[in-house]
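Down below is the structure, laid out as structure tokens.
Residue numbers start from 1 in every chain, and the chains themselves are labelled A, B, ... in the order their sequence lines are given, proteins ahead of strands.
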Amino acid sequence: MSNPAETPAPAPSDFIRDVVAGDVQAGKYDKIVTRFPPEPNGYLHIGHAKSICLNFGIAREFGGVCHLRMDDTNPTKEDVEYVDSITADVQWLIGGWADHCLGLKPKGATPATQTVNGKPDFHLGAVPVGTPGVEPFYASDYFEQIHAYAVQLIQLGKAFVCDLSAEEIDELRRNGKPSPFRGRSIEENLDLFARMKAGEFPDGARTLRAKIDVAAPNIWLRDPLLYRIRHVEHHHTGAAWRIYPMYDFAHCLSDYIEGVTHSICTLEFEVHRPLYDWILEALNLPRPLPHQFEFARLNLTYMVMSKRKLMQLVDDGLVTGWDDPRMPTISGIRRRGVPAVALRDFAYNIGITKYDGLTEIGALDHAIRSYLNEHALRRFAVLRPIKIVLTNLPDNHFEELDAFNLPNAPEDTRRVPFTKELFIDADDFMEIPPPKYFRLRPGGEVRLKYGYIIQCDEVVKNEAGEIVELRCTVDLTTKRGGPNGDRKVKGTIHWVSASHSVDAEVRLYDRLFTVPEPDAEGGDFKKFLNPHSYEVVTAKCEPSLASASPDERYQFERLAYFSLDPESAPEKLVFNRTITLKDTWAKEAQKK
RNA sequence: UGCCUUAUGGUGUAAUGGUAGCACGAGAGAUUCUGAAUCUCUUUGUCUAGGUUCGAGUCCUAGUAAGGCAACCA
């Protein structure tokens with residue numbers, strides 16, 4: 001399907017890749033290691049896709065590896081359901097592009113203890129691609145090591161156990177005042193922390209805090225929390241722990257343990273970077289330290305992106321699920337029929353910066369159309385049929401016409417049956433057409449694509465005044481190559497043979513929201529839902545579509561791109577509309 | 001309010017002190033057995049005010065605007 005002669009896209013460039021290139025040049029690391037660290041508390045969306053493309057893109061461009069890691073330090077919010085969907089989505093998105101850079105580890109593996117430069121050290125790296133029995137990395141696999149680092153911090157006099165409530169801590173931090181427990185002895189801290197671990201105290205009774213600077217201008221340096229007590233089971237570690245590390249403590253150490261070199265996250269973590277660096281530097285670690293870089297998350301018009309809002313759409317039944325083709329989730333986009341390449345092209349086109357902008361959905365649409373135009377097989381299908389009777393043909397007329405599977409590849413053809421009775425789309429006939437309407441009208445002519453020119457002689461209606469059929473005459477001299485094959489008419493339309501057509505359920509998806517910024521200014525984004533975002537029709541398809549493949553993409557000529565839905569079955573075809581063709585006529589007609 | 005970050009056509013981006021370019025969109029035309037695609041042309045931009053410099057989108061200062069953080073979430 002893909003053309004090997006395609007010119008490869010130029011290597012992307014951005015401020016993060018500039019840093020990586022500099023580090024490679026300077027020989028700072030043995031190998032570039034990035035990571036994609038989702039929290040398994042929801043489905044991945046197109047914003048994550050941007051991050052995946054960045055992290056895996058850097059890995060493949062610099063001969064490195066990108067670890068898939070579950071950032072699962074908060075057992076109250078996370079679930080294995082999400083681990084599975086995340087893994088599947090990542091593999092789909094990087095398939096055929098960066099599979100060789102996917103960093104996984106042996107199932108059940110935890111960090112090894114090693115000695116580096118005479119110092120004890122914890123390390124867990126990725127296993128070669130293709131190794132059987134692998135799974136993603138889990139931050140929770142490092143709880144033992146992270147705990148050991150916490151103990152070390154206490155011994156260094158750089159962390160203490162605090163008995164204050166959340167509210168009290170908040171109050172003091174706001175005012176830059178120290179906790180009264182800040183001066184506890186190392187022995188007492190060690191003892192209390194051990195008892196926290198043993199489960200002696202209820203949730204919220206005590207925390208472990210870093211001892212940094214209570215008056216620092218950056219809030220995250222005002223003795224931040226490192227550990228909290230949570231008497232809950234964890235989806236990955238079970239009942240092993242009663243204390244769980246906070247993001248800031250776990251993340252930088254997870255990066256270090258895995259040998260990550262460039263830890264790339266979104267802008268909201270920018271203020272955390274000094275803490276990220278402080279923790280790693282406080283521990284006198286023997287290997288080169290990872291560094292954090294931040295880029296702007298993706299915002300798209302006509303869409304909401306927050307996990308909370310997407311969850312609401314799912315929970316309120318406003319969509320059929322996380323993989324509803326209207327959702328901006330990776331699984332939804334996939335189900336809609338968007339190829340992974342198109343999503344990657346989109347990510348490439350929008351670039352990476354620190355500017356928090358709003359990208360027009362048209363940029364995504366363009367990437368999708370551009371790929372599909374090159375690769376989708378052309379087929380005929382009629383969404384809203386009108387019957388045509390070719391009155392000058394015998395009842396049993398049958399012939400097969402050659403049709404191109406792809407434009408610009410005339411040798412690649414299929415045969416479509418042509419008979420006395422046909423269907424055309426309702427949009428392609430108007431009794432009283434506006435100016436510049438090129439399609440069929442009473443007394444007018446139109447070309448049936450790959451076939452003949454027909455003329456409409458009579459409009460037959462029922463008692464309700466609805467059109468029942470169009471009676472036309474066909475000029476059999478006008479086929480391509482025929483005596484009048486070069487005759488020009490203004491319009492060319494698609495059609496199917498009535499007696500040979502196969503029915504298919506066709507799901508017509510449109511954008512979920514009617515306004516560019518549905519979640520602007522606190523208003524209820526759900527009141528901007530597009531009531532026409534989903535419509536189902538029974539289409540009349542050319543017979544070859546009966547054997548359509550789920551791996552293939554189709555263009556129903558002059559209409560849109562489609563692909564088979566997972567619910568499709570041989571006895572009941574179901575197509576999803578991925579995206580319409582551009583329609584300048586619709587735009588023109590709307591001007592009036 | 002404090003701290004951090006950002007600001008280049010309508011949108012997304014490039015220009016690393018030396019001709020402001022690309023893509024998407026929009027508009028016009030050519031072409032067309034898809035009103036698609038393709039091709040040609042056009043349109044619009046360095047937030048403001050100072051400063052440094054032979055020269056500033058780029059460096060400095062101040063302002064303005066936008067975003068983020070101020071969770072025992074990540």
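At the heavy-atom level, A/L364 lies nowhere under 4.0 Å from the strands shown. Residue-level contact check: A/T207 touches the bases, meaning some heavy atom is under 4.0 Å from a base atom. Note on A/K582: only backbone sugar-phosphate atoms sit closer than 4.0 angstrom, heavy atoms only; bases stay farther off. Across all strands shown, A/H272 has heavy atoms under 4.0 Å from base atoms, whether or not it also approaches the sugar-phosphate. Among the atoms of the strands shown, base atoms are found under 4.0 Å from some heavy atom of A/S165. Nucleic acid contact class of A/N408 (heavy atoms, under 4.0 Å, all strands): none. Within the nucleic acid shown, A/R273 has no heavy atom closer than 4.0 Å to any nucleic acid atom. Among the heavy atoms of the strands lying under 4.0 Å from A/K479 is at least one base atom, whether or not backbone atoms are also near.
Taking the six-membered ring for Trp, A/Y142 and A/H147 have ring centres at least 6.0 Å apart. Ring to ring, A/Y244 and A/F143 are close: their centroids are under 6.0 angstrom apart. For A/Y554 and A/F562, the distance between ring centers is not under 6.0 angstrom.
Comparing B/G10, B/U8, B/A26 by their nearest atom to the side chain of A/E360 picks out B/G10. Side chain of A/Y355, nearest nucleotide from B/A7, B/U34, B/G35: B/A7. Listed candidates were B/U34, B/G27, B/G12. Nearest to the side chain of A/K587 is B/G27. Ranking B/C69, B/C33, B/U5 by closeness to the A/V271 side chain, first place goes to B/C69.
Applying the 4.0 Å criterion to OP1 and OP2 of B/G67, one finds that A/R297 has every side-chain N and O outside that range. Note on A/R230: a side-chain N or O is less than 4.0 Å away from OP1 or OP2 of B/C73. Close to B/U13, at under 4.0 Å from its OP1 or OP2, lies a side-chain N or O of A/T353. For B/A74, one of the phosphate oxygens OP1 or OP2 lies less than 4.0 angstrom from a side-chain nitrogen or oxygen of A/T73. The shortest distance between the side-chain N/O atoms of A/R228 and the OP1/OP2 oxygens of B/A74 is below 4.0 Å.
As rounded to whole Å, 13 Å separates atom C1' of B/U34 from atom CG of A/L406. Distance, A/N218 CG to B/U5 P: 10 Å, rounded to whole Å. In this structure, the CG atom of A/D223 is 13 Å from the P atom of B/C72, given to the nearest Å. Atom CD in A/E268 sits roughly 14 Å away from atom C1' in B/A71 (whole-Å rounding).
Spacing between B/A65 and B/A26 at atom P, rounded to whole Å, works out to 33 Å. With P as the reference atom, B/C73 and B/A14 are 36 Å apart, rounded to whole Å. The C1' atoms of B/U44 and B/G9 are separated by 5 Å, rounded to the nearest whole Å.
Checked by distance alone, A/E294 brings no side-chain donor or acceptor within 3.5 Å of a matching partner on the base of B/U5. Looking at A/R558, its side chain has no donor and acceptor atom pair within 3.5 Å of the base of B/G35.
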So what does the secondary structure string of RNA chain B come out as, 5' to 3', with Watson-Crick or wobble pairs under 3.5 angstrom, [ ] for crossing and | for pairs with another strand? (((((((..((((....[..)))).(((((.......)))))....(((((..]....))))))))))))....
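Annotation for A/M430 and A/P434: closest pair SD-CD, 3.6 Å, computed over non-hydrogen atoms.
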